[in-house]
Amino acid sequence: MQSEGRHISDLTHINFHSLKGCDNYIKLDTFWETLSRNDENRLVNRHKMQILVWLTETTTGDLEELNQKQINLTYFNELRHNGQVAKSSLFYDADFWLKSYRKSQVSQVIVTNQAYLLTRIEDDPSFLEGSILVIDEAQKLFLNLENLSRRVKEVEALRTEVQSKYSQSNTLLTKRILENLQFNLTALSEQAGQAPISLTQNQVQAIQQDLKELEKGFLPQLDTLFEEDYEEFWLTNEEQEDRLEPCLHAASLKFLNFAHLLPTTSKVFCISASLTISKRVDLPQLLGFNPEQVTFDLLPQMTDANQGIWLPTDLPAITSLSEAAYVAFLTEKILDLVELNQPLLILFTANKVLRQVSEGLTSAGITHLAQGQNGTASHLKRRFERGERQILLGSGSFWEGVDLANPSKVLLVLTRLPFDNPEDKFIQKVNKRLKEEGKNPFYDYQLPLTILKIQQAIGRTRRNQMQTSAVILLDNRLLTKAYGKKVQRTLKTISRLTEETFEDSLSSIRKFLS
């Protein structure tokens, strides 16, 4: 939208529009209500004044534009649009979400993300009637389909819903049922821990039985979780601002078929760095397509002389280190890399480790940007590219979806091989399906996807011909495990691979980036 879209629009006068889900936009009615509310929190009151100024400047109403969004997340979440706008609203004609939605109906090209696309197709398949659908990063669509088949709710929000209905109910039977639900939800809240905990059949049946005794839609949040489509339920503790919040998850054991979601009049192009996940598993098959139904374009891979990959030979086996020892190891190596005085992008596979390393760097007096602490991924990207900080700690989207066109020289640090968590319910579901098909989940699916993630991460810092980037992997498993040779063979097709001690790697990287 900001580069190619703008150029195409200028040259051809084709209308482009970026369409996001409603919760990306501010709801003016809600903000208006909070202005008349007497908040004792001085930070919230300051945010109100800042938003008033921002509303005189913004043309989109996109909350992403507010740099302070992370500081008081609760208040900003309150302002998110819910997709409902009454015609009697004071702000009906000025509503940002409504204006964006209407603009999408008359635009020739709509740009959106996969998550919103899938939600929109599920609600209204005619959205794509007679359209050409181009899906970039098509290999991520399989996971986004899984997210569509899941639901998650904070247990506290469910308890609040039950308590609210209890205070409004007049019948003794309804109150007894709600008391029972409240008891069961409280027990679940106390049960949640760091690892996912599956609900027992008795726990699920107890809640479902109580819901059957109530009128359908009486408790909409609980009804959404315990619909008949969902067969698996589990608990996790999710990070919310400065606390852990117990959350209840529901998922279907069946895989959604993307091909069946699309209108027959749609023409689909899928673009990916890899169509064949392995010799026995390919992307069209996972998405439910027959070969004649869709056009897949494979992006070519070329060896790049301006990018090098280093595999230090003297690193400890990180899987045998305790959490504290692992964080200390990473912090020490990163401090050594900081001495090279080059822009440094450091990618983590776990947010907890990212935070702990960030604390270690802060204690050592090293200023840096850290995802989850200094703003959203897009804000951090812009600040890093402007040179506000030379060090950026990232996870999640930085592995796959954030391109760094600046600075001209970058040192990329991969702290760990990005294997999927074997405890993840989606991974367990995929493994079960592949085993039933007589395939090897690790070699036919998990390892190929890990290689793809590494390739994508490496590509984040080589976005133009003038850019030079060095990549160092602080995980010795490529040198010690049987599967390491397969990963190395793939990496050698895109960049020069160097195996030497960590100390020698520092010297080589300094020379390479000089």
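Residue numbers count from 1 along this sequence. The figures here come from the full heavy-atom set of this structure, side chains too, leaving out hydrogens, waters and symmetry mates.
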Modelled atom types, side-chain donor and acceptor of [X] and [Y], under 3.5 Å:
X: Asn180; Y: Asp210; value: yes
X: Ser266; Y: Glu129; value: no
X: Lys20; Y: Asn113; value: no
X: Ser126; Y: Asp124; value: yes

Is the distance between the ring centroids of [X] and [Y] under 6.0 Å?
X: Tyr443; Y: Tyr483; answer: no
X: Phe31; Y: Tyr75; answer: no
X: Phe398; Y: Phe348; answer: no
X: His81; Y: Phe96; answer: no

[Y] and [X], any side-chain heavy atoms less than 4.5 Å apart:
X: Gln209; Y: Glu213; answer: yes
X: Leu185; Y: Leu222; answer: yes
X: Leu214; Y: Leu181; answer: yes
X: Tyr326; Y: Thr415; answer: yes
X: Leu345; Y: Val413; answer: no
X: Lys267; Y: Ser131; answer: no
X: Thr58; Y: Ile26; answer: no
X: His17; Y: Met1; answer: no

Take a 6.0 Å sphere around [atom1] of [X] and say whether it holds more than 12 heavy atoms from other residues, nucleotides or ligands.
X: Arg176; atom1: CZ; answer: no
X: Glu4; atom1: CD; answer: no
X: Glu215; atom1: CD; answer: no
X: Gln168; atom1: CD; answer: yes

[Y] backbone acceptor or donor facing [X] side chain under 3.5 Å:
X: Lys429; Y: Ser252; answer: yes
X: Ser395; Y: Asn351; answer: no
X: Ser107; Y: Ile110; answer: no
X: Thr119; Y: Ala115; answer: yes
X: Lys153; Y: Thr224; answer: no

message: Set out, in order, the CA-CA distance, both residues' side-chain angles and the distance that settles side-chain contact (heavy atoms from CB on, under 4.5 Å) for Lys486 and Leu447, then state yes or no.
response: CA-CA 9 Å; Lys486 181 176 181 179; Leu447 181 61; 4.0 Å; yes
statement: Partner of His249 under ring pair (Phe, Tyr, Trp, His ring centres under 6.0 Å), picked from Trp234, Phe233, Tyr230, is Trp234
query: Could you give the distance from NZ (Lys212) to CD1 (Ile177), rounded to the nearest 0.5 Å?
result: 13.0 Å
- line: Rounding to 0.5 Å, atoms CG (Leu128) and OG1 (Thr264) come to a distance of 11.5 Å
Identify whether NZ of Lys or CZ of Arg in [X] sits under 6.0 Å from the centre of the six-membered ring of [Y] and within 45° of that ring's axis.
X: Lys216; Y: Phe218; value: no
X: Lys175; Y: Tyr166; value: yes
X: Arg477; Y: Phe419; value: no

field: CA sep, side-chain torsions, deciding dist, call: Leu315, Asp475, side-chain contact (heavy atoms from CB on, under 4.5 Å)
entry: CA-CA 7 Å; Leu315 301 181; Asp475 187 335; over 6 Å; no
query: Can Glu359 and Arg355 be said to form a salt bridge (Lys or Arg N to Asp or Glu O under 4.0 Å), step by step?
result: CA-CA 6 Å; Glu359 291 169 2; Arg355 284 196 311 274; 5.7 Å; no
- line: Looking only at heavy atoms, the pair that brings Gln371 and Leu354 closest together is O-CD2, 3.8 Å
- prompt: For the residue pair Ser100 and Ser18, what are the closest heavy atoms and their distance?
  reply: OG-O, 4.0 Å
- request: Go through Thr174 and Leu172 one step at a time and tell me if the side-chain contact (heavy atoms from CB on, under 4.5 Å) criterion holds.
  value: CA-CA 6 Å; Thr174 301; Leu172 182 61; over 6 Å; no
message: If the threshold is 4.0 Å, N to carboxylate O, is there a salt bridge linking Glu323 and Lys352?
response: yes
query: Do Lys140 and Glu137 sit within salt-bridge range, that is, some charged N less than 4.0 Å from a carboxylate O?
result: no
Worked check of side-chain contact (heavy atoms from CB on, under 4.5 Å) between His368 and Ser358: CA-CA 8 Å; His368 60 279; Ser358 175; 2.7 Å; yes
query: Arg151 and Asp223: salt bridge (Lys or Arg N to Asp or Glu O under 4.0 Å), yes or no, with the steps?
result: CA-CA 11 Å; Arg151 294 291 184 269; Asp223 282 342; over 6 Å; no
